[in-house]
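Take a look at the structure below.
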Protein chains: 2
Amino acid sequence: MSSSMNTKDFITSLARGLKVIQSFDKEHRKISLSQVAARAELNRATARRFLFTLKALGYVNSDGKLFWLSPKVLELGYSYLISQPITDIVQSFVDQVSSQVGESCSVSILDGTEVVYISRRMTKHIMSISLNVGTRLPAVATSMGRVLLADKSIEELNVILEKVQFQKFTKHTLTDEQALKDELLKVRDQGYAIVSEELELGLRSIAVPIYNKYDQIVASINVGTQVARISEQELTKRILPCLQNAVTEIRKVLSV
Amino acid sequence: MSSSMNTKDFITSLARGLKVIQSFDKEHRKISLSQVAARAELNRATARRFLFTLKALGYVNSDGKLFWLSPKVLELGYSYLISQPITDIVQSFVDQVSSQVGESCSVSILDGTEVVYISRRMTKHIMSISLNVGTRLPAVATSMGRVLLADKSIEELNVILEKVQFQKFTKHTLTDEQALKDELLKVRDQGYAIVSEELELGLRSIAVPIYNKYDQIVASINVGTQVARISEQELTKRILPCLQNAVTEIRKVLSV
DNA sequence: TGACTTATGTTCGCAATGCGAACATAAGTT
DNA sequence: AACTTATGTTCGCATTGCGAACATAAGTCA
């Protein structure tokens with residue numbers, strides 16, 4: 001367990017159990033007890049007890065040999081979604097923007113150094129990875145992340161950037177901290193961010209911040225497309241007004 | 001803890017921790033330590049340790065007084081979603097059907113006595129509750145649930161129905177077990193289910209099963225609308241073919 | 001078919017983990 | 001100021017959960 005965990009008041013069994021849940025992914029849909037133990041870095045007997053507990057609670061299923069997650073696990077994430085009124089509010093706007101512009105539209109929030117998708121309307125599969133509610137992407141390399149980072153004070157930004165490990169996803173990816181900061185100043189000035197081919201070649205997106213009634217930025221909304229389909233100029237001329245209209249309406253609803 | 005939990009090999013700390021996560025909902029977005037303790041049925045000092053552990057792991061945030069779930073909790077549900085290839089596969093078909101028919105379209109699977117939404121495309125808010133990935137509804141009162149139940153053997157169905165507590169959501173809700181079974185025979189015969197105003201007045205939906213290449217039913221897909229907008233006849237004449245086309249295509253993809 | 005490897009099932013002594021009663025302090029209300 | 005409700009914290013203790021070790025099962029290979 002991470003040494004940053006304060007062992008006083010820290011419950012290792014809970015931490016271990018959550019690690020067991022996270023042992024499952026696309027490449028590990030149905031795995032054996034030993035695989036779970038290895039992936040969760042637990043003793044086999046210990047992993048077994050966790051799997052049996054999760055099975056008793058309905059979060060895991062098993063055929064007696066392999067284990068896989070039960071849809072009940074969605075309830076955990078669901079606890080988060082239904083405790084966030086914004087997810088309900090924005091969904092209809094996301095659908096509306098997506099219909100208007102004919103491209104995928106998403107809303108996300110900042111969590112640490114990443115953006116987390118909380119709402120999404122996809123028109124086509126254009127990314128190599130699938131994006132869903134719950135997907136996390138590095139904030140520094142996404143348009144939604146940049147509008148959220150641009151809102152931070154210098155101090156807050158420094159704290160966040162300390163934890164960022166810049167990755168060069170493509171030849172266009174900004175990896176110089178100062179260059180990023182300059183870009184964020186520009187984003188703040190113009191009130192939107194455009195990211196072209198920094199996270200994945202061939203893709204670009206534009207994002208604007210979503211404000212609540214106290215003028216606090218609570219999320220960001222973007223439209224994502226392919227560079228071959230929409231130029232940066234067209235993003236600002238045709239797409240940006242749709243996003244700006246949407247966030248104006250969202251702010252009204254959030255102000256009720 | 002439920003007496004059905006086998007205390008041998010059962011890890012109460014994990015169970016308790018998951019209950020803490022589920023203490024949060026729409027009416028309990030940000031709650032105090034004592035409220036968490038009450039809702040999770042824990043001693044206050046115990047609840048405090050769980051909240052501090054969840055905070056250390058990033059699943060919960062706090063202002064020192066109130067606690068709320070962090071979007072990191074979505075990772076837990078996300079572990080399930082990315083371990084289910086079907087969620088990726090069906091999303092584009094859900095979007096397609098929804099676009100074609102101009103109504104909301106969803107996919108769900110059976111989990112115990114409930115259906116769990118795993119994919120959704122909403123055109124309008126027509127239900128009083130919001131439906132998201134993770135939402136659970138009683139299988140017996142939904143079209144998607146009925147196509148999934150219709151696939152069960154008599155024995156399997158009896159096991160499931162034993163655990164069902166029939167609720168009369170509206171005056172149209174079937175609550176007689178035999179009447180439900182008769183309805184399921186009809187569903188099996190015709191290969192689709194229509195539910196009108198049984199879960200909520202004013203709403204109707206039609207669902208068909210999704211098969212994999214072994215002819216096993218793995219999920220169901222529906223279109224939901226308002227009774228004022230689409231008759232049952234129109235559902236079968238216009239909507240059903242779109243759903244049937246979609247499941248044919250889905251089956252091809254699942255067979256790759 | 002036997003040897004070997006890899007896997008799971010299970011136990012139980014034990015130590016550490018987590019518990020919760022109790023006390024202290026803080027904040028809000030009357 | 002008294003009272004109520006809340007949180008912060010401790011620490012003795014009992015139970016919980018651990019994991020080494022052993023048993024058994026299943027698969028592979030020669």
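Numbered from 1 within each chain, the chains take letters A, B, ... in sequence-line order. Just so you know, these numbers use all the heavy atoms, side chains as well, and skip hydrogens, waters and symmetry mates.
The existence of a salt bridge linking B/Lys26 and A/Asp88 is confirmed by a sub-4.0 Å separation between a basic side-chain nitrogen and an acidic carboxylate oxygen.
Among D/dA6, D/dC18, D/dT9, the nucleotide with an atom closest to any side-chain atom of A/Arg49 is D/dC18. Each of C/dG18, D/dG19, D/dA21 was ranked by its minimum atom distance to the side chain of A/Ala45; first place goes to D/dG19. The B/Asn43 side chain lies nearest to C/dA21 when the options are C/dA21, C/dA7, C/dA22.
Contact annotation: the side chain of A/Ser70 approaches that of B/Asp111 to within less than 4.5 Å [non-hydrogen atoms, C-beta and beyond]. Here the side chains of B/Ser83 and A/Asp25 are not in contact, with every heavy-atom distance at 4.5 Å or above. Within the 4.5 Å cutoff, side-chain heavy atoms of B/Leu137 are placed close to those of B/Tyr117.
Evaluation of atom-type donor-acceptor distances gives a pair under 3.5 Å for the side chain of B/Arg44 against the base of D/dG8.
Comparing B/Leu42 and A/Gly64 by the nucleotide of DNA chain C whose heavy atom lies nearest to each, the residue mapping closer to the 5' end is A/Gly64. Each of A/Thr46 and A/Lys65 has a nearest nucleotide on DNA chain D; the 5'-most of these lies closest to A/Thr46.
Residue B/Leu66 contributes atom CG, which lies 14 Å from atom P of C/dA27 at whole-angstrom precision. Protein atom CG of A/Asp63 is 16 Å distant from nucleotide atom P of C/dA7, rounded to whole Å. The interatomic distance linking A/Arg16 (CZ) with C/dA16 (P) rounds to 13 Å, in whole Å. Atom-to-atom, CG of A/Leu33 to P of C/dT6 comes out at 16 Å; the value is rounded to the nearest Å. The interatomic distance linking A/Asp9 (CG) with C/dG18 (P) rounds to 11 Å, in whole Å. Whole-Å rounding puts the A/Phe50 CZ to C/dG9 P distance at 17 Å. Between the CZ atom of B/Arg48 and the P atom of C/dT25 there is a distance of 15 Å, rounded to whole Å. For A/Phe10 and C/dG18, the CZ to P distance is 9 Å, given to the nearest whole Å.
Counting any heavy atom pair closer than 4.0 Å across all strands shown, B/Gly17 reaches no nucleic acid atom. The residue B/Phe52 sits apart from the nucleic acid: no heavy atom pair falls under 4.0 Å.
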For A/Asn222 and A/Val107, what are the C-alpha separation, side-chain angles and deciding distance, and is it a side chain to side chain contact (heavy atoms under 4.5 Å, CB included)?
CA-CA 6 Å; A/Asn222 88 338; A/Val107 170; over 6 Å; no

Give the intermediate values and the outcome of side chain to side chain contact (heavy atoms under 4.5 Å, CB included) for residues B/Val147 and B/Val208.
CA-CA 6 Å; B/Val147 302; B/Val208 298; 5.6 Å; no

Audit row: B/Leu57, A/Phe10, side chain to side chain contact (heavy atoms under 4.5 Å, CB included) steps and yes/no
CA-CA 10 Å; B/Leu57 297 170; A/Phe10 188 81; 3.9 Å; yes

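Residue A/Thr12 places at least one side-chain N or O closer than 4.0 Å to OP1 or OP2 of C/dG18.
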Pair assignment for DNA chain C - dot-bracket with | for other-strand partners, Watson-Crick or G-U under 3.5 Å:
||||||||||||||||||||||||||||||

